2 protein chains.
Amino acid sequence: MSSAVRNRMQLHQQNIQSVFAEVFNHQPISRIEISRNLALNKSTVSALYRDLKDQGYVEELGEGDASNVGGRKPVLLAVNRKYGYTMNFDFGYRHLHAMQNNVTGDVLSYKQVNVKGLTLKQILPLIDAELENISTNDHSSHGLLGISFAIHGTVDHNKVTYSPFLDMSQVDLEDYYTQKFQVPVLLENEANVSAVYERDFNKANEQLSNMVTISIHRGIGAGLIIHQNLHRGIHGEAGEIGRSVSIDGNWDGEPRKVEDYCSEDAIITQIQDKKHADNMTREDVVRLFKADDQVTKSALRGFVRNVAGIIYNVANNFDPDVIFLNSPLIEALPELEPQIESFYAQMAPSIRVPIKLTKNSHYATLLGGCALVTREVLGMEDAKLNFGAQTVIL
Amino acid sequence: MSSAVRNRMQLHQQNIQSVFAEVFNHQPISRIEISRNLALNKSTVSALYRDLKDQGYVEELGEGDASNVGGRKPVLLAVNRKYGYTMNFDFGYRHLHAMQNNVTGDVLSYKQVNVKGLTLKQILPLIDAELENISTNDHSSHGLLGISFAIHGTVDHNKVTYSPFLDMSQVDLEDYYTQKFQVPVLLENEANVSAVYERDFNKANEQLSNMVTISIHRGIGAGLIIHQNLHRGIHGEAGEIGRSVSIDGNWDGEPRKVEDYCSEDAIITQIQDKKHADNMTREDVVRLFKADDQVTKSALRGFVRNVAGIIYNVANNFDPDVIFLNSPLIEALPELEPQIESFYAQMAPSIRVPIKLTKNSHYATLLGGCALVTREVLGMEDAKLNFGAQTVIL
DNA sequence: TGTGAGTTGGTTGTTTGAACAAACTAATCT
DNA sequence: AGATTAGTTTGTTCAAACAACCAACTCACA
């Protein structure tokens, strides 16, 4: 209510943003096309564009083709790709992933650094070195604009509240990097940024307003896009579906969580125990499965059924347009997907939500963080923006 | 994006709506107060108010008190309570509930009609008679403005898609009543309207943006308010948590649903079976419980644990500001609530979502429908409106 | 108790400024 | 040359803002 547009100045600001969003989403685009898309007069668009250009956000690319019945050639407008860049990080189990992106979401550089066994305090200098390195090679006009971190745990008010796989309580990443660079620093749950990736980077989802990304890594979490907005919940704990318990009238002993049955860790542990093995990795599981190992096959059969159950429950809770699965294990064993689909179809014979796999889940995580922090930098949190993901050499 | 305010006309329309919302929410209110609340110039507010008055939506009530340091008395403005009325219905198990409300949500009349064992086609004439009766006694300027029906089942695009307790496939309520009265006719799931009631009628929830209403009647469903909006899902099936299945690695036989364990029907059936009784009602259960019957006590102990589990799961899925329980059974046995709280506290020792009971669940359902259809009538679907619920004699 | 200074609510007439419209230039096609 | 399209310039429009006013109240003080 109070943030609504009420006077001419606010109207003007909003229209500038609308023009920028048009340039962002449909570049290269001409003024006349923007005018038609927004139902604004072409002279109005020209004036608004001039404002954006004076601030350095946009630039002319050259002339486009004239229409085939004659007429002046349009001037093609685009976002200024040399405006600046964001740095986006993901703390994986074995690697730190780092990505440099420009404001439109293009990948300028990507690197992964081995951090297995290191504490956060030991990882920090590696991040600093990467930021330093990128900075010295940069030639953009505004340099570093913002930083994002994907967290495998829960985040509230930009602070890590729970991180089972890497102790993050010793360092306040937000404090440390805002002090150092005076730019927005954003921490967000990994499933949440995955969901933002699907909303902002995947052209196929442009018209969808409700999406759930089920992220099956060491734990299980869901990222929720509802009415085109990331739903975080009051404590940033929405979508923590891995903690769900069974409602089945059996209340003898501790209730067990979904995560205990079908996270990647749970499956690996299960196979390890039966094989009396130790220190197994996802790659070992994949190898055993492909070697037709019966213990592994049976464990993954249970996994597949449980994932189908999770999907069914998520569909009943949120009824989204689509559910994405972000799971390196399923990505490595794509033959599991039709099995999941078929179990799900058994449970829900009539109305079903389409299931899609997220390809290259690490990229998705990094790009989701990029989208979030870039929106903050541009002050375009609520606009509909389609980011690209071209790998570009400037 | 395309619905955003872009030109002066749209701005004007939106500001008229804002002024109306101020009158609606803070009546009686003066122009100067609206001007301050909306940060609009007082002359602007005067002009916008004049438009609303010409359309008959608002009226002056008289003079208020002057400030204690002197100055002219304010003129108090309010919504025109004689503008018209809405009719709102709820198909209960034994009764049809009917409520007449004015545009501000005040209760003008309420009636319940015994319909036990009747089919929808047999109920229809009773509805028609009630509408007729109300209409002849009405003296408002615009008469009937809209009709709402709360459905114990799922609704999509204003059509009933599933109704396990009363066959609704034979009659299209929307078609029938729009044809008859040329006013908006709205069908909505009962848990959803309950949630809307909490958002729109409960002053205590004014600042909350995420709320879940868990409705435990013959089945179990949840109504979801997310970011102040009712989240229906793509097929209107969001919040169908009663259908959730257990994820516990046990896949022998059919997966059983939450509803099978702890809906009111499930509990009654469970007690009936153990007692070899028949045709038991909620009142019987309440009586047995109060008579310290051990079978009933044990069944309700399981019920309480399961409800706590459902709350825990809902909290993990949505992380709302508050969870409401809409359950006639718990309403009749309020001593169950602290037990539910305590089981929930065991499951979630740290972060917990506050639990509240919805009082008088039938009223909540009717008033939620009233809020939805009134918003449609006024074209104020997205505004923040606080409805009242005074019983008024005009 | 009467008066006037100070205060607040609301109206009236004028100004402002962002979107708009029309006339223009520019550049293309057939 | 005439038709068509892109973009600019110049002047118009109209809803909100502003300023000045009137109306009606309080309170202090004579």
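All of these numbers come straight from a predicted model, not from anything done at the bench. Chain letters run A, B, ... following the sequence lines, proteins first, then strands; residues in each count from 1.
In this structure, B/Val45 reaches neither bases nor backbone, as no heavy-atom distance under 4.0 Å exists between it and the strands shown.
When rounded to the nearest whole Å, the span between OH of B/Tyr49 and P of D/dA16 equals 17 Å. The separation between B/Ile32 atom CD1 and C/dT11 atom C1' is 12 Å, rounded to whole Å. When the P atom of D/dA24 is taken as reference, atom CZ of B/Arg31 falls 14 Å away, rounded to whole Å.
Listed by chain and residue number, B/Ser140 satisfy the side chain to side chain donor-acceptor pair (under 3.5 Å) test with B/Asp138 (two or more places apart in sequence, or in another chain). In terms of the side chain to side chain donor-acceptor pair (under 3.5 Å) criterion, residue partners of A/Asn137 (sequence neighbours excluded) are, by chain and number, A/Asn133. For A/Phe387, the ring pair (Phe, Tyr, Trp, His ring centres under 6.0 Å) partners at least two apart in sequence or on another chain are A/Phe24, A/Phe201. B/His142 pairs by the ring pair (Phe, Tyr, Trp, His ring centres under 6.0 Å) definition with B/Tyr83, not counting sequence neighbours. Remark: B/Glu206 pairs with B/Lys203, B/Lys384, B/Asn386 by the side chain to side chain contact (heavy atoms under 4.5 Å, CB included) rule, at least two apart or across chains.
Nearest heavy-atom pair across A/Ser30 and A/Leu76 is N-CD2, 4.4 Å.
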**Message:** Treating primed atoms plus P, OP1 and OP2 as sugar-phosphate and everything else as base, which nucleotides of nucleotides 17-26 of chain C get B, S or - for protein heavy atoms under 4.0 Å?
**Reply:** BBSBB----B
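OP1 or OP2 of C/dT11 has at least one side-chain nitrogen or oxygen of B/Ser46 nearer than 4.0 Å. Contact between the side-chain N/O atoms of B/Lys73 and the OP1/OP2 oxygens of D/dA24 is not found at any separation under 4.0 Å.
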